[in-house]
Structures are given as structure tokens and as C-alpha cells.
Engineer: 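Structure provided below as C-alpha cells; questions to follow.
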There are 2 protein chains.
Amino acid sequence: MTVETRLAWTDVRDEIRSRILNRIYAPGDKLPRDEDIAQELGCARTTVHRAMQDLSFAGLVERKRKGGTHVRADPVTRTTFDIPITRREVEQRGCKYGYQMISRDVEQTPISVMARFGIQLAVDMLHVKALHLADNRPYILEDRWIDTRSSPEVLDVDLTRESANEWLVRHKPYSRLDVSFYAVNAEGDIARHLAAPTGTALLVIERTTWIGEAPITTVQATAMPGYQLSAHN
Amino acid sequence: MTVETRLAWTDVRDEIRSRILNRIYAPGDKLPRDEDIAQELGCARTTVHRAMQDLSFAGLVERKRKGGTHVRADPVTRTTFDIPITRREVEQRGCKYGYQMISRDVEQTPISVMARFGIQLAVDMLHVKALHLADNRPYILEDRWIDTRSSPEVLDVDLTRESANEWLVRHKPYSRLDVSFYAVNAEGDIARHLAAPTGTALLVIERTTWIGEAPITTVQATAMPGYQLSAHN
DNA sequence: AAAGTTATTATGTCACTACATAATAATGTC
DNA sequence: GACATTATTATGTAGTGACATAATAACTTT
């Protein structure tokens with residue numbers, strides 16, 4: 001096939017990225033003007049601009065009006081993770097999904113939860129613990145706090161049947177999200193619920209969401225032993 | 001000021017996102033055609049398209065030719081992590097960065113490493129262990145394999161002075177990257193090098209890179225106790 | 001010489017046009 | 001009626017042109 005396709009902006013991006021990676025444009029270097037690159041590659045300036053915008057979002061280059069485009073001196077490894085709702089994740093592994101609510105109480109927020117939300121005063125929130133199962137075996141243990149000011153309806157939801165994870169995803173869009181990962185040793189309730197020997201290293205995925213300034217929910221999802229979170233780029 | 005600014009594509013994106021978040025367009029719904037939205041908001045179709053492209057990358061909507069644009073029914077939590085080179089990470093925390101090479105050998109790849117690269121046959125690779133320090137305290141322990149077929153020059157690099165992490169970032173661009181996170185219990189060498197009591201839960205960040213089909217490097221970076229990786233979106 | 005003004009330059013943005021492409025619907029043929 | 005062919009439709013993409021904006025350089029004024 002003598003395709004002779006026009007250059008897509010992604011092709012231009014890949015070409016420029018490859019030049020950066022191959023040090024044709026070295027870290028700190030100033031790149032040619034968009035227009036010159038466009039001319040060289042035989043495309044329009046808008047196409048180069050679209051490519052540059054992507055590279056700029058990706059953290060590979062820095063752009064300034066008049067100042068031009070520079071290769072960032074300290075390239076970062078930028079990765080995108082998709083964290084699906086747990087039921088979906090289990091089903092995609094070809095396992096039978098199960099769910100168990102462990103506890104459900106309205107309680108005053110402890111300091112740790114206040115810190116995650118960035119609030120100063122303790123308030124009453126709905127505190128839900130639940131277990132997600134894959135093929136009837138413990139998979140992920142959820143320890144969740146839900147702000148009843150931004151989600152009063154959740155008080156009427158039967159959380160023994162539907163997981164708060166799912167209900168929130170479907171009903172409570174968020175505008176801001178914090179995620180962090182860390183490791184903990186299994187002990188006490190966590191060890192018991194996950195059927196993990198005391199001391200086992202477990203991965204925790206902590207997520208906190210807001211709508212505008214208002215907290216929605218924060219959750220510590222502690223995964224079964226051996227759990228691994230992966231991204232392919 | 002009677003500004004009467006033109007709508008930027010980011011404004012259009014924010015407007016549409018806000019409608020999705022406010023369930024004016026509910027999960028699963030079909031959005032109006034780009035052209036209709038353009039007309040309604042008083043902008044060109046290209047502007048709406050640019051906005052939609054962003055929302056589509058962000059995982060909020062799904063687009064199909066002819067099929068139109070739909071709000072994703074099960075929004076995934078999509079997060080972007082920046083993983084900087086370790087020296088930079090340490091320095092950004094305001095700590096003094098230190099580096100120590102522990103070992104450096106050419107060895108046959110064990111099965112686990114072959115699996116990470118997706119190769120069938122064992123080959124000789126450079127196996128480097130090194131410790132990154134923050135304020136003279138162990139911070140991250142690196143266990144790295146470097147394919148000398150794609151990076152023969154690395155054999156001549158003095159890895160007692162410069163970390164392989166840094167050398168590779170600066171000299172070996174990659175086209176594919178796998179990242180995963182998991183938790184391990186500190187034991188043996190790892191516990192000793194990180195000065196962590198045996199059994200302590202530690203976060204491991206595993207990264208593997210390729211250039212084209214050719215493996216470059218794979219690294220298990222085991223972090224000090226209490227280490228936390230965060231992203232804000 | 002210091003300060004303020006104007007010109008220049010490179011990126012940022014959008015409108016409009018034209019055409020490509022994929023999925024579907026409508027139509028025609030056997 | 002089953003199958004192949006042809007429109008139709010909505011998104012995907014690039015090009016051109018025009019103007020906005022920020023940073024710098026060049027120039028003037030005092």
C-alpha cells in the first residue's frame with residue numbers, strides 16, 4: 001500500500017518525543033519554533049501545536065509565550081492508572097464477585113480522616129466497613145467515611161446489598177481526587193477479615209474525593225496478600 | 001470591562017463536565033452531537049471536539065464514530081502519577097541525597113526477570129543493586145537488571161558514582177513502560193539495607209521498560225518503611 | 001542612565017473549510 | 001428473505017487565516 005497518509009498530530013508528537021528521547025533535543029535545550037518544525041515535517045503549525053500541547057501536559061517540555069519551547073531538564077516517569085470499581089475488577093479477572101457489609105455507623109471523624117479531607121473540625125460522618133470477595137475469598141477490605149452533608153441520601157441506601165463504592169460512583173460525581181499507595185502489616189480486624197496471617201504485608205489504596213470544596217468520601221482499600229496494581233503504557 | 005471573551009475549549013470542557021457531574025447528562029446517556037453543542041454554546045465544532053477529546057482521554061465519556069458520544073456508565077478512577085528520578089524526589093523533600101552501589105554483576109536472568117520482560121530465554125544481563133539515601137538514611141533500595149544488548153555502553157559506566165536510575169533516564173529513552181505496585185515484608189538483605197525490622201511492610205514500585213521490542217531495564221524499587229506515593233488530581 | 005513606551009516575536013486560541021473514517025440505515029439484487 | 005451495495009451520519013483530523021497574549025528587545029524621553 002502506497003498510503004501516503006497525512007501526518008496526524010500524534011505522529012508529530014511521537015517524532016518530537018523520539019527526538020527528545022534520542023537527545024537530538026537534549027534536556028534543557030530550546031526546540032525550534034513550532035512553525036519551523038511544521039515546515040520541516042511538512043504540516044501545519046496547528047498540528048505541531050497540538051503535539052506540543054500533549055508533550056507539555058505529559059511533562060516532557062515546557063512552553064512559554066515568546067520564550068519558546070524547552071525540553072524539561074528532569075524528565076519524570078508519568079503513568080496513568082485506571083482504578084475500576086471493585087466488582088468490575090473482580091469480574092474482569094473471571095471471578096465471582098461477592099460483597100459483605102461489616103459495619104455501618106454514624107461517628108465523629110477521627111483526626112486521620114479530618115486530615116485526609118483537610119478539614120479542621122470533627123463532624124459526624126457515615127463510617128462503613130465492607131469486604132469485597134472474589135470467588136468467595138476475601139479480596140479487598142474497605143474502610144470508608146462518607147460525608148452526610150454532601151451525600152445525605154446515602155443514609156437511606158441499603159448498604160448490606162449494594163456497596164458504597166458502587167453507589168457513590170454512580171450517584172456522586174467528584175471534582176477532585178487524591179490517591180495514595182502504601183504498605184501496612186496485617187493485624188487485628190484487617191488480618192481477620194482478609195484471612196491474612198498477622199504481619200503479612202498488604203497494599204493499601206487510599207482515595208479521597210470532593211465535590212467543589214465539600215468532602216464526599218475517603219476510603220482505605222486494603223487488598224488481599226499478593227495483590228498487585230499494574231499499569232501498561 | 002465588557003469583555004465578551006470567546007469560549008476557550010477548556011471552558012467548553014468544564015461546562016460539559018459540569019453537566020455530567022450534575023447529571024444533566026447522566027451515566028449512559030447519549031450527548032447531543034458536537035455540532036448541536038457548538039451551536040448551543042456559540043462556538044465552533046472544533047472547539048467542542050477539542051473539549052470532548054479531553055473528556056474522552058479522562059475517561060468520562062466514550063465516543064464512537066456515527067454512534068455519538070456517551071457518558072461512561074461506570075466511570076473509572078483515572079489517576080496520573082509522576083515518578084521522578086529518586087535524587088530529585090529526595091531533593092524536593094529538602095533532604096540531602098546520597099547514593100551507594102551495593103553490587104554489580106553480569107548474571108543470567110532468573111525466571112522472574114524473564115517474565116517481567118516477557119522473554120523466553122535466559123540471557124546475561126547486568127544486575128545492579130543500589131541504595132538511595134535521604135539525609136544519610138536509607139530511602140529506596142533498587143534491584144535492577146539492565147539488558148546489555150540494548151544498552152552495551154552501561155558496562156563502561158562507573159555505577160559506584162552515578163546511579164543506573166539516572167544514567168538510564170538520561171541516556172536510554174524507552175517506548176514502553178510497565179509499572180506495578182505491591183507490598184512485601186522486609187527480610188534478609190532488604191531489611192538489612194533499609195534498616196527495617198524484619199517483617200515490616202514495604203511498598204515496592206516495579207518498573208520495566210522497552211525500546212521497541214527490546215528490553216532495556218527492569219527495577220524493583222523497595223521503599224523505606226512508611227513510604228507513601230501520592231497523586232492529586 | 002533610569003524609566004517608560006513601542007515594536008517584535010513565539011506561543012495560545014478559535015473559526016471555518018475540507019475531507020477521512022467508521023458505523024448504521026436504506027436500498028437494490030439474486 | 002438473505003446478502004451485497006450504496007447512502008447517510010457523527011466523529012476524527014488537518015489546513016488556513018485571523019487575532020490574542022505574554023515576554024522580550026528596541027527605542028524614546030526625561
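Worth saying up front: this structure is predicted, and the values here are computed from it rather than measured. A, B, ... follow the sequence lines: proteins, then strands. Residue 1 opens every chain.
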Engineer: Take atom CZ of A:Arg33 and atom P of C:dA10, then tell me their distance rounded to the nearest Å.
Structural biologist: 4 Å

Engineer: Using whole Å, report how far CG of B:Asp34 lies from P of D:dT13.
Structural biologist: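 To the nearest whole Å, that distance equals 12 Å.
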
Engineer: Could you check how far CZ of A:Arg63 sits from C1' of C:dA10, rounded to whole Å?
Structural biologist: 9 Å

Engineer: Can you tell me how far P of C:dA15 sits from CD of B:Glu35, to the nearest Å?
Structural biologist: 13 Å

Engineer: Run the side-chain contact (heavy atoms from CB on, under 4.5 Å) test against B:Val157 and tell me which residues pass, sequence neighbours left out.
Structural biologist: B:Leu159, B:Glu162, B:Trp167

Engineer: Just how far, in rounded Å, is C1' of C:dA22 from CD of B:Glu62?
Structural biologist: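 Those two atoms, CD and C1', are 15 Å apart.
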
Engineer: Does OP1 or OP2 of D:dG15 have a side-chain N or O of A:Thr47 closer than 4.0 Å?
Structural biologist: yes

Engineer: Who passes side-chain contact (heavy atoms from CB on, under 4.5 Å) against B:Asp54, sequence neighbours left out?
Structural biologist: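 B:Asp54: side-chain contact (heavy atoms from CB on, under 4.5 Å) contacts with B:Trp9, B:Arg13, B:Arg50.
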
Engineer: Can you work out whether A:Gly68 or B:Gly67 has the more 5'-proximal nearest nucleotide on DNA chain C?
Structural biologist: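 Its nearest nucleotide lies further toward 5', so the answer is A:Gly68.
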
Engineer: When we call it a touch if two heavy atoms are under 4.0 Å apart, what does B:Arg50 touch: a base, just sugar-phosphate, or nothing?
Structural biologist: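 No contact at all - B:Arg50 keeps every heavy atom at 4.0 Å or more from the nucleic acid.
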
Engineer: Rounded to the nearest angstrom, tell me the gap between atom CG in B:Asp54 and atom C1' in C:dG12.
Structural biologist: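 Those two atoms, CG and C1', are 16 Å apart.
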
Engineer: How long is the straight-line distance from CG of B:Asp147 back to OG1 of B:Thr218, given to the nearest 0.5 Å?
Structural biologist: 11.0 Å

Engineer: To the nearest 0.5 Å, what is the distance between OH on A:Tyr139 and OH on A:Tyr227?
Structural biologist: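 Going from OH on A:Tyr139 over to OH on A:Tyr227, the span is 4.5 Å.
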
Engineer: Taking atom C1' of C:dT11 as reference, at what distance in whole Å does atom CZ of A:Phe57 sit?
Structural biologist: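 Result: 13 Å.
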
Engineer: Evaluate the side-chain proximity of A:Val128 to A:Met101: yes if any heavy-atom separation is below 4.5 Å, no if none is.
Structural biologist: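 The answer is yes; the side chains approach within 4.5 Å.
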
Engineer: Is the phosphate of C:dT11 approached by A:Thr69 (side-chain N or O, under 4.0 Å from OP1 or OP2)?
Structural biologist: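 True: A:Thr69 side-chain N/O within range (under 4.0 Å) of C:dT11 OP1/OP2.
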
Engineer: Would you say A:His49 places a side-chain N or O within less than 4.0 Å of OP1 or OP2 belonging to C:dT11?
Structural biologist: no

Engineer: Checking only heavy atoms, does the side chain of B:Arg65 share a donor-acceptor pair with the base of C:dT21 at less than 3.5 Å?
Structural biologist: yes

Engineer: Would you tell me if any nitrogen or oxygen in the side chain of A:Gln53 comes within less than 4.0 Å of OP1 or OP2 on C:dT13?
Structural biologist: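 Looking at the OP1 and OP2 atoms of C:dT13, one of them is under 4.0 Å from a side-chain N or O of A:Gln53.
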
Engineer: Rounded to whole Å, please give me the gap between NZ in B:Lys66 and C1' in C:dA22.
Structural biologist: 10 Å

